Number of protein chains: 2
Amino acid sequence: MVKDLPANTVERLSLYRRVLLNYPYQETPYIHSHRLAHLLKINPAHVRRDLMLIGFTGDIHKGYYIKSLIEKVGEAIDCRYIQKVAFVGIGDMGRAVAEYFNNANSKLKVAATFRLNDEPATQFMEVKCYNISKMKEIIRKEKIEITVLAVPQNFATEITKAIVHAKVKGILNFTSMHLQVPPEVHVENYDMIAKLEKLAYFTNKDTCPAEGDEQ
Amino acid sequence: MVKDLPANTVERLSLYRRVLLNYPYQETPYIHSHRLAHLLKINPAHVRRDLMLIGFTGDIHKGYYIKSLIEKVGEAIDCRYIQKVAFVGIGDMGRAVAEYFNNANSKLKVAATFRLNDEPATQFMEVKCYNISKMKEIIRKEKIEITVLAVPQNFATEITKAIVHAKVKGILNFTSMHLQVPPEVHVENYDMIAKLEKLAYFTNKDTCPAEGDEQ
């Protein structure tokens with residue numbers, strides 16, 4: 001791993017890899033920074049700076065050699081060992097997310113799921129589904145480091161406390177609640193409503209009356 | 001609406017509102033920019049600039065009056081009329097997302113879902129579920145402007161073509177594929193794997209060997 005990368009660089013490196021894995025690089029083995037930037041709708045300077053940070057340089061005429069770039073991103077952000085992930089509040093989200101994991105060829109492995117008391121005991125990917133009351137015990141036994149929190153909003157605060165108590169290192173937060181965690185626990189927020197509201201703004205700002213225009 | 005806001009500002013405004021709606025503002029009616037910034041782990045200068053862009057100012061001693069701030073964000077980014085959203089490739093994601101919509105009190109309304117041929121005809125929120133072959137017809141009839149794309153990766157390109165053909169204005173992309181769309185169609189990417197990989201990096205960078213350290 002390359003240590004001390006900025007958070008946004010890590011996220012973009014992951015995105016570069018995802019885009020390039022789907023790029024026809026057997027036929028087009030090189031890519032220029034501006035082309036990669038265009039695919040992700042970001043600034044080419046970001047691409048160049050991010051790759052400089054992981055010590056990857058391109059050919060001045062041909063651009064970056066994609067196959068090496070994919071490998072280099074892996075060396076920079078993946079860990080050698082596989083991290084175990086648990087889903088908390090599995091409901092319907094679980095199977096949908098499992099689809100991503102199956103496609104992702106990731107260094108992450110789903111090791112357990114936890115259901116709230118009134119959820120059905122859904123099972124996916126041959127992963128065991130436990131009642132939430134078993135969470136602390138299983139997280140310790142299985143050495144799970146990351147949890148994906150996908151519970152109804154009104155349970156989020158209470159269940160976050162239980163997750164912190166079980167000593168996981170990171171939470172991917174699917175709820176729209178702000179989670180209060182100690183500084184050693186990393187939280188990534190994944191707020192769908194913010195993305196949808198942003199999309200709604202840009203799709204209707206040209207047809208919607210401006211403030212003051214209406215009536 | 002306030003026109004021509006930068007994309008990141010719109011997304012942050014939505015986040016401010018979501019956080020503040022969950023904030024105990026009955027008891028603590030004012031909030032300072034640095035407190036709001038801290039809750040979202042962003043720079044306080046961003047908060048101040050964003051709110052300046054929508055013409056909202058705080059009290060120099062007390063901070064921002066939260067109730068007015070929530071309203072002002074609504075005036076800035078919401079449209080008067082409700083936009084219709086369709087889910088394409090509903091599977092299990094649909095019900096999970098429906099949960100968000102129920103909580104969101106949003107200006108967005110789920111008007112239809114479309115299933116791939118081999119998916120079961122799941123129904124949620126009294127919204128009709130159609131076969132994907134009916135998509136163009138229904139999108140036009142219902143005047144649907146936004147679609148949420150949550151299909152398996154290998155269907156993403158083909159189904160995006162069909163969505164574009166049906167003339168929607170925006171796509172919230174849950175797949176990890178880069179979507180090729182004409183410039184008038186807005187795309188928001190929502191890549192779960194990038195978030196998870198970022199989280200994995202930060203949760204294990206201190207315990208994982210640095211490049212070159214290993215053997």
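All chains are named by letter (A, B, ...) in the order of the sequence lines, taking the proteins before the strands, and each is independently numbered beginning at 1. For clarity, every value in this text was computed on a predicted model and none was experimentally measured.
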A.B. asks: Using non-hydrogen atoms and a 4.5 Å limit, figure out which bit of B:Arg17 sits close to chain A: side chain, backbone, both or neither.
C.D. replies: side chain
A.B. asks: Report which part of B:His178 has an atom under 4.5 Å of a heavy atom belonging to chain A: side chain, backbone, both, or neither.
C.D. replies: side chain
A.B. asks: Most heavy-atom pairs under 4.5 angstrom with chain B, which of A:Val19, A:Ile146, A:Asn189?
C.D. replies: A:Ile146
A.B. asks: Between A:Leu13, A:Val185, A:Thr9, A:Ile77, who has the most heavy-atom pairs with chain B when the cutoff is under 4.5 Å?
C.D. replies: A:Ile77
A.B. asks: Count the heavy-atom pairs under 4.5 Å between each of B:Val10, B:Leu15, B:Leu40 and chain A, then report the option with the highest count.
C.D. replies: B:Val10
A.B. asks: Side chain from CB out, backbone as N, CA, C, O: work out which of these in B:Leu5 comes under 4.5 Å of a heavy atom of chain A, or both, or neither.
C.D. replies: both
A.B. asks: Within this structure, what is the CD1-CZ distance for the pair A:Ile163 and A:Phe114, rounded to the nearest 0.5 Å?
C.D. replies: 9.0 Å
A.B. asks: Given a strict heavy-atom distance threshold of 4.5 Å, which part of B:Gln83 is in contact with chain A: side chain, backbone, both, or neither?
C.D. replies: side chain
A.B. asks: Are the side chain of A:Lys169 and the backbone of B:Thr203 linked by a donor-acceptor contact shorter than 3.5 Å?
C.D. replies: yes
A.B. asks: Please classify the contact of B:Val187 with chain A as side chain, backbone, both or neither, using a heavy-atom distance under 4.5 Å.
C.D. replies: both
A.B. asks: Less than 4.5 Å apart, any side-chain heavy atom of B:Leu20 and any of B:Tyr25?
C.D. replies: no
A.B. asks: Return the NZ to CD1 distance between B:Lys167 and B:Ile139, rounded to the nearest 0.5 Å.
C.D. replies: 12.0 Å
